[in-house]
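Working notes, structure below.
Read the numbers this way: they start at 1 and go in the same order the structure lists the ligands and their atoms. All figures in this text were calculated on a predicted structure; none of them were measured in a lab.
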Amino acid sequence: MNPADVPGLPDGVADRLRDEGIEELYPPQAEAVEKGVTTGENVVAAVPTASGKTLVAELAMLSSVQRGGKALYIVPLRALASEKKREFERWGALGVDVGVSTGNYESSGEWLASRDVIVATSEKVDSLVRNDAPWVDQLTCVVADEVHLVDDRNRGPTLEVTLAKLRRINPGLQVVALSATVGNADEIADWLDAALVDSDWRPIDLRTGVHYGNAITFADGSQREVPAEGKRQTPALVADTLDEGGSTLVFVNSRRNAEAAARRLSGVTEKRLTGDERAALRELADEIESVSDTETSTDLARVVRKGAAFHHAGLAAEHRTLIEDAFRDRLVKCVCATPTLAAGVNTPSRRVIVRDWQRYDGSYGGMKPLDVLEVHQMMGRAGRPGLDPYGEAVLLASDYDTRDELFERYVWADPEPVRSKLAAEPAMRTHLLATVASGFAHTRSGLLQFLDRTLYATQTDDSDRLEQVTDTVLDYLAANDFLTRERDDEGDVRLKATDLGHTVSRLYLDPMSAAEIVDGLAWADEHEAEMRRKLAGDAGVSADGPARTSTGVSAADGDANTEFQPASDLVAADGDARPGDDHADDHGTENGEADESERTYPTPLGLYHLVCRTPDMYQLYLKSGDRETYTEECYEREAELLGRTPSEYADSDFEAWLSALKTARLLEDWANEVDEDRITERYGVGPGDVRGKVETAEWLLGAAERIAGDRGFDAVAVREAKKRVEYGVREELLDLAGVRNVGRKRARRLYEAGIETRADLRAADKGRVLGALRGRRKTAETILENVGRQDPSMADVSPDESGDGSVSESTTGSSGSSQRRRDDGDGSDQASLGDFG
Ligand code: ADP
């Protein structure tokens with residue numbers, strides 16, 4: 001079918017597609033059109049990866065907009081939202097406006113009302129519905145990308161409930177669901193009252209097989225000789241692909257393995273680069289290094305110089321994009337990835353190697369084989385239409401029996417059916433409260449009726465189960481004051497969300513998180529006097545002697561804000577000199593006059609620990625040795641923690657308490673201006689993880705601040721802890737770091753040059769500002785403009801480097817450390833993690 005023959009599209013779409021090289025619709029696309037995807041019909045398209053699902057969605061959305069409507073595209077990952085937006089933005093030429101909704105949860109995104117196409121994650125859409133976004137009832141078309149993820153234990157229920165709500169709000173809503181090929185696409189179509197396009201068609205042949213010994217055996221029985229000595233199968237396969245001018249994607253089961261494999265394979269790619277490629281890769285590596293000054297960044301740049309790369313969720317988003325683009329441009333020859341890359345990012349390659357088909361799973365108690373669906377998604381990345389003659393996807397076997405097993409288990413197997421995970425209690429807790437709070441149901445029977453529109457209800461024969469879980473969850477919600485129940489005359493139970501319930505639903509919290517926060521804040525309120533005394537006492541008898549009391553001087557890691565001895569010193573003591581973390585030396589005395597009575601309570605650490613123990617925060621794992629470290633630290637700082645420490649013998653409770661403490665310590669380090677690379681190293685995480693934790697903490701502390709206000713607890717300490725984590729700075733930099741483009745490192749340098757507040761910045765000598773900003777004129781001008789300075793121009797200004805010197809007069813011992821920082825390199829790159837926000 002020619003795009004020009006597709007009914008319902010705005011003028012110009014077919015021309016535009018032709019310019020992009022799309023002359024004919026792929027067969028599954030044509031089938032979707034025949035089934036009415038451009039005339040408002042519900043369609044489920046279950047087709048293999050890279051078979052043009054996105055175009056099906058675009059045709060549906062464009063035709064909907066053409067009829068005067070508004071379309072919503074739901075993506076499974078935040079990283080995909082901006083990618084899809086970029087892709088759809090080309091329709092701006094035809095007058096179709098695209099907006100992407102990210103940002104914090106509790107907002108209604110009113111500005112999106114003017115957009116024709118909106119891109120958002122299911123969580124974001126769920127929260128927009130809860131916050132009555134004014135445009136939700138104007139939607140005429142919704143596309144659910146990767147709808148098979150309703151099977152995901154964590155995120156599936158949100159997608160499922162959100163679709164049910166949207167359909168309830170807009171009875172005429174067109175639903176288009178895109179899915180990988182799954183065993184039961186018909187059930188999904190049934191649930192959504194949709195026509196089904198179920199196809200195995202691919203634009204390029206995919207040959208799947210298993211490598212063992214000296215050859216790949218393909219599903220059709222043919223073989224390709226690729227000799228590999230011993231365990232060196234992956235390098236042999238990568239070399240073999242490269243020798244034919246192709247690139248390779250290697251899937252492994254952990255970040256560490258991705259990095260290690262990239263290191264090893266860079267030896268293979270390096271030997272096969274041309275001079276031009278080497279030069280281009282050097283440039284790319286420099287760009288990667290400029291994204292952030294972490295070890296991950298350096299490691300990535302190192303392998304990229306040799307033509308290989310790794311890709312996992314621990315990378316910064318900028319890193320991911322650079323790698324994906326370079327791989328698509330065939331500059332990077334081999335990418336070693338965790339399965340995140342298989343989920344949606346368009347990075348085809350000639351050959352895919354699924355090296356690890358098992359992954360550690362704690363709840364399974366060991367290594368668990370991956371789902372067939374997941375392996376098929378990875379394999380589907382093989383073959384670039386128009387560039388490769390075919391794609392090849394290979395599993396690796398080290399013995400004959402495994403080879404047979406892999407054929408049975410994956411190559412010949414059908415993907416598992418998708419099953420709703422809605423009836424699990426954690427999911428129900430959140431969604432039942434939200435359903436009541438946002439008025440979708442007012443009674444128990446109304447709630448059950450609403451649930452009847454979910455996939456779960458379509459799939460189950462056991463409606464009792466849903467009723468049982470509903471009742472258990474309603475008990476929990478009532479017991480924790482999130483809703484009230486009242487029996488009415490007809491024997492039904494009327495449900496009403498309390499103020500707390502409404503707040504929690506709008507803030508997008510798991511009710512269990514909210515209950516934990518309420519308890520912690522109440523505990524702090526009740527024990528305040530006692531804990532303040534304790535903290536003052538602790539400070540007086542700190543291990544390093546009384547000299548460290550009440551001055552904020554804590555040599556290794558002092559928090560100018562909490563004057564007692566930080567137990568973090570214990571961590572620092574084990575050989576940890578923290579070169580990048582030496583601010584403490586020079587601002588202890590600034591707060592020296594702080595009176596003990598002014599000390600904040602709860603402390604930031606106490607609040608970080610509180611939000612880290614909620615189910616909305618993924619806690620860091622305890623690695624070997626951590627249990628001892630954090631047990632010690634836990635007792636050391638017990639007075640700061642908002643609640644009773646569980647008994648050491650209550651194993652899992654105590655362990656969770658310590659994991660929360662470890663996570664809280666990461667946040668505390670961040671808020672104490674510890675360098676990003678020190679943090680990643682100390683906690684064994686990637687920069688992307690630090691960002692994730694910080695963002696989650698910001699959101700949860702914002703929620704805690706609101707709850708504190710509503711419940712009459714003191715919200716000031718919470719707000720400050722939140723601000724500190726948001727900017728990653730100590731208290732005295734909060735004012736400066738809030739100026740756009742300043743960020744934590746520049747704020748510190750300005751401060752050291754004697755520019756301590758926004759008012760200072762507006763009035764300061766320009767030479768001094770420029771000096772503090774390392775002579776970067778453009779940056780200095782932008783910052784002055786952002787702070788509202790009348791004449792921000794830096795023309796003819798020369799940097800005054802004496803700023804640091806003058807600071808050393810007012811702060812003890814700063815000259816040495818500021819000198820060290822100066823040598824640290826500029827660090828002023830605002831794209832770096834240190835300055836996001
Ligand atoms: P999926 O979403 O199914 O994984 P995509 O929508 O990303 O796949 O499509 C993969 C590639 O195929 C894209 O680069 C897209 O531009 C291209 N494509 C889609 N439809 C056609 C078509 N009819 N003709 C040629 N190329 C197409």
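Every residue two or more places apart in sequence or in another chain that forms a side-chain contact (heavy atoms from CB on, under 4.5 Å) with Arg16 is listed here: Glu20, Arg90, Trp91, Ala93.
Within a 6.0 Å sphere centred on OH of Tyr618, other residues, nucleotides and ligands contribute 12 heavy atoms or fewer. For Asp243, the CG atom counts as densely surrounded, since its 6.0 Å shell holds more than 12 non-hydrogen atoms of other residues, nucleotides or ligands.
When Leu281, Leu284, Asp286 are each tested for a side-chain contact (heavy atoms from CB on, under 4.5 Å) with Arg305, only one passes: Asp286.
Where the criterion is an N or O separation shorter than 3.5 Å, residue side chain and backbone included, Thr54 meets it with respect to ligand 1. Polar contact with ligand 1: present for Tyr26 (N/O pair, distance under 3.5 Å). The shortest N or O to N or O distance between Gly52 and ligand 1 is under 3.5 Å.
Without hydrogens or angle criteria, Asp240 side chain to Val226 main chain gives no donor-acceptor distance under 3.5 Å.
Contact atoms of ligand 1 toward Glu24: 22 (C), 23 (N), 24 (N) (distance under 4.0 Å to a heavy atom of the residue). Counting atoms of ligand 1 from 1 in the listed order, those under 4.0 Å from a heavy atom of Leu25 are 23 (N).
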